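Computed from a predicted model, the values in this text were never measured in an experiment.
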Amino acid sequence: MASSSSSYKSSSYGDCEKEASTVSRKIFDAFINHRGPDVKETVAFALYDSLEELGFWTFLDDQELQLGDSIESAIKNAIYSSSVQIAIFSPRYAESSWCLNELVDMLETKALFIPVFCDVKPYELRYPQKGVYAAAFAKHEEKGRFSNEKIHQWKEALHSSSIISGYEFSTSNDNVEKLCTKIALAVQQNIGKTFESFPRYVEITKHEIGLHAEAAASTSRSAQVKKSSVLPRDSHPVGIDSKVEDMIGLLKDPKYQVIAVVGMGGSGKTFLLQNVYKKIKSSFDKSIWLSISKSYSVKNLQNDMALHMGLKTEIVDGAISQETAAELIHDCLEGKK
């Protein structure tokens with residue numbers, strides 16, 4: 001995969017810079033561009049979860065927009081602060097001017113760009129006036145809401161995206177979770193070459209908990225990366241840091257080999273452990289998060305472990321026995337921390 005070398009103007013949303021001061025300045029690892037009605041409930045949410053499980057702070061519009069944010073400014077800030085740009089192209093993608101505007105800005109950043117061709121082929125983006133997007137562009141031109149220059153910019157962005165190595169996917173035939181895990185691992189491997197610390201954690205800003213607003217607005221990207229406050233995606237916890245440190249202390253104590261966290265449903269057991277995992281995983285050679293239900297499958301657990309360890313597809317495709325898969329996993333982990 002490679003970032004695009006094409007150059008685009010940065011005026012996709014007009015002059016959003018004037019509103020930037022009203023928007024919380026967050027730093028994101030990845031930005032997911034998609035047309036909601038097509039793929040939000042399937043590919044987009046699954047990819048968001050896969051990236052979050054690996055410790056990446058990911059922007060997916062309704063997950064990250066805060067009440068009172070200027071939508072255009074918040075999205076533009078997320079794009080230009082992200083180290084990885086992911087575009088999910090679906091059959092009706094080009095109907096959305098928002099998607100197309102975001103795509104232009106994403107390519108302009110020169111960040112790692114990963115196209116996901118969902119129920120469309122790369123060649124169909126190459127000449128959008130003739131392919132699956134022809135009807136959408138005909139409507140844009142007919143309505144006259146956008147200049148010829150803007151429409152030409154969109155077509156150039158689609159063409160550039162079509163010649164960048166990515167992932168082809170069929171919602172009717174392919175496994176969504178497997179695809180998203182592969183993409184998340186690809187992000188992990190590539191972003192690790194750029195930043196010294198992995199994963200990165202983002203400093204909590206005033207917009208989120210009412211503290212450090214002025215510092216967050218002026219702090220540089222590199223300074224924020226050095227901070228390590230664990231930040232959940234759906235809530236603003238109070239007192240979680242001390243519980244995380246207590247748990248890490250138990251894990252470091254050699255007299256404990258297994259630690260059980262018990263409590264009523266909804267009391268925050270999984271949330272606590274997710275934060276512990278994110279905090280300590282970079283200290284180990286290999287780290288895997290597994291969720292085991294009452295009706296678990298050994299084969300599925302082996303698949304999850306194989307994907308997270310980057311093992312070849314023999315395990316994932318079920319071409320070998322569970323016993324052989326266990327030996328491969330053991331050999332991969334032997335001698336590792």
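- With a 4.5 Å cut-off on side-chain heavy atoms, Gln153 and Leu100 do not count as touching.
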Got a list of side-chain donor-acceptor pairs under 3.5 Å for residues 248-257, not counting sequence neighbours?
{"residue": "Asp253", "atom": "OD1", "partner": "Lys255", "partner atom": "N", "Å": "3.1"}

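- No more than 12 heavy-atom neighbours from other residues, nucleotides or ligands sit within 6.0 angstrom of NZ on Lys143.
- Contact check for Leu125 versus Tyr93: no side-chain heavy atoms found under the 4.5 Å cut-off.
- Each of Glu95, Glu41, Glu102 was scored for a salt bridge (Lys or Arg N to Asp or Glu O under 4.0 Å) with Arg35, with one residue passing: Glu95.
- Between Ser97 and Trp154, the closest side-chain pair of non-hydrogen atoms falls below 4.5 Å.
- Checking each of Phe59, Tyr80, Phe113, Tyr48 against Phe31 for a ring pair (Phe, Tyr, Trp, His ring centres under 6.0 Å) leaves exactly one that passes, namely Phe59.
- Residues Ser161 and Leu107 have side chains in contact (heavy-atom distance under 4.5 Å, counting atoms from C-beta outward).
- Side-chain atoms of Asn33 come within 3.5 Å of backbone atoms of Cys99 as a donor-acceptor pair (strictly under, hydrogens ignored).
- Taking the centre and axis of the six-membered ring of Phe137, the NZ or CZ atom of Lys155 falls inside the cone set by 45° and 6.0 Å.
- Counting only heavy atoms from C-beta outward, the side chains of Phe89 and Leu103 approach each other to under 4.5 Å.
- Between Gln188 atom CD and Thr181 atom OG1 the span is 11.5 Å, to the nearest 0.5 Å.
- Residues forming a side chain to side chain contact (heavy atoms under 4.5 Å, CB included) with Leu273 (at least two apart in sequence, or on another chain): Met247, Val261, Trp289.
- The environment of CD in Glu124 is crowded: more than 12 heavy-atom neighbours from other residues, nucleotides or ligands sit within 6.0 Å.
- Remark: side-chain polar atoms of Asp119 are paired, donor with acceptor, to backbone N or O of Thr171 under 3.5 angstrom.
- Between Leu185 and Leu54 there is a side-chain heavy-atom pair separated by less than 4.5 Å.
- No side-chain donor-acceptor contact under 3.5 Å links Asn77 to the backbone of Ser73.
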